[in-house]
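The next block holds one structure in the form of structure tokens; read it before the comments.
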Protein chains: 2
Amino acid sequence: MAVANIFKALGDPVRLEIVARLSDGSTYTIGRLSEDLGVSRQGARKQIQALVTADVIELHPAGRETHVSLNAASLQEARRFITQLEKQWDQRLLALKQLVEE
Amino acid sequence: MAVANIFKALGDPVRLEIVARLSDGSTYTIGRLSEDLGVSRQGARKQIQALVTADVIELHPAGRETHVSLNAASLQEARRFITQLEKQWDQRLLALKQLVEE
DNA sequence: ATTATATGCAACTAAATGGTTGCATAAATT
DNA sequence: AATTTATGCAACCATTTAGTTGCATATAAT
């Protein structure tokens with residue numbers, strides 16, 4: 001289950017906050033992004049790295065700073081997975097309803 | 001970020017498999033559900049408990065067995081969260097595109 | 001009553017996780 | 001050239017996690 005890695009990456013308050021910030025499309029440097037997360041810069045950096053490893057965000061070095069951006073494809077994959085589960089669920093409910101109405 | 005707990009619950013292969021099975025709407029006992037997951041019954045039971053704690057599934061005791069069912073509301077919450085992020089992302093892309101076209 | 005089944009509970013282990021601090025270094029600024 | 005800034009790397013620590021095994025217990029079947 002490759003998508004489990006994406007969910008896992010989203011399953012931490014600090015990492016989810018990072019992703020939420022990036023989803024506004026702005027460009028952040030690692031330093032900027034690390035502010036106000038309630039952890040040290042290096043603590044934030046580790047979570048950023050976790051998101052990179054899970055392919056949820058990307059790093060783009062530029063001079064002495066590094067820009068961070070979202071990989072929207074991962075979000076999409078996660079959403080599609082859930083949508084698929086919900087679809088099965090809804091179909092089951094429909095089948096049950098029809099059974100009762102007979 | 002309450003939704004982080006749901007993502008965390010989905011962020012493990014065994015747990016995600018459990019959720020995927022339950023999404024077909026069938027009723028499983030804990031024992032049935034624990035089969036073929038590649039871990040011991042107690043190992044599976046711990047993951048089931050983790051999903052219960054995260055409010056992703058529910059247990060319904062019945063005699064000597066316990067039935068397990070999905071809480072579709074949690075899935076929906078997770079999906080809606082991602083959808084919201086994607087929305088912001090898409091709006092940003094649109095704004096950038098318009099900027100270029102000027 | 002005995003046996004089989006479904007489940008629960010507890011102790012234990014190894015590895016992963018989330019966080020820290022300290023120091024190093026490359027790039028930009030003065 | 002000296003300083004400031006942005007970042008990286010490594011060691012360390014406490015807690016959580018994912019898994020195990022062993023034993024207990026309540027319900028159902030024979």
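A, B, ... follow the sequence lines: proteins, then strands. Residue 1 opens every chain.
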Identify the heavy atoms of [X] and [Y] that sit nearest to each other, and give their distance.
{"X": "A/Val39", "Y": "A/Val14", "value": "CG1-CG2, 4.4 Å"}
{"X": "A/Asn5", "Y": "A/Ala54", "value": "O-CB, 3.9 Å"}
{"X": "A/Ser23", "Y": "B/Leu85", "value": "OG-CD2, 3.4 Å"}

- Query: Taking CZ from B/Arg41 and P from D/dT25, how many angstroms apart are they, rounded to a whole number?
  - Reply: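 Answer to the nearest Å: 15 Å.
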
- Is there any salt bridge (Lys or Arg N to Asp or Glu O under 4.0 Å) pair reaching into residues 28-54 of chain B, and which pairs are they, with sequence neighbours excluded? none

- Query: Under 4.0 Å: is that the gap between some side-chain N or O of A/Lys8 and OP1 or OP2 of C/dA16?
  - Reply: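 No, because none of the side-chain N or O atoms of A/Lys8 sits under 4.0 Å from OP1 or OP2 of C/dA16.
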
- N or O in side chain of A/Ser40 less than 4.0 angstrom from C/dT20 OP1/OP2: yes

- Message: Can you pull out the residues from residues 13-34 of chain B that lie within a 4.0 Å heavy-atom distance of DNA chain C?
- Response: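 Here the set is B/Thr29, B/Ile30, B/Gly31.
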
- Message: Contact list please: residues 42-67 of chain B against DNA chain D, heavy atoms, distance less than 4.0 Å, in numerical order.
- Response: B/Gln42, B/Gly43, B/Lys46, B/Gln47, B/Gly63, B/Arg64

- From the options B/Arg15, B/Glu17, B/Gln47, select the one residue that forms a side chain to side chain contact (heavy atoms under 4.5 Å, CB included) with B/Leu37. B/Glu17

- Task: State yes or no: do A/Leu75 and A/Leu59 share one hydrophobic cluster built from I, L, V, M, F, W and Y residues joined by side-chain heavy-atom distances below 4.5 Å, directly or via other members?
- Result: yes

- Query: Got a second to check how far A/Leu51's CG is from A/Leu10's CG, nearest 0.5 Å?
  - Reply: 7.5 Å

- Query: Using 30° and 60° as the class limits, which term best fits the ring planes of B/Phe7 and A/Phe7: parallel, tilted or perpendicular?
  - Reply: parallel

- Between C/dT20, D/dT20, D/dA18, which nucleotide has the shortest distance from any of its atoms to the side chain of B/Val39?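 Of the candidates, D/dT20 comes closest.
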
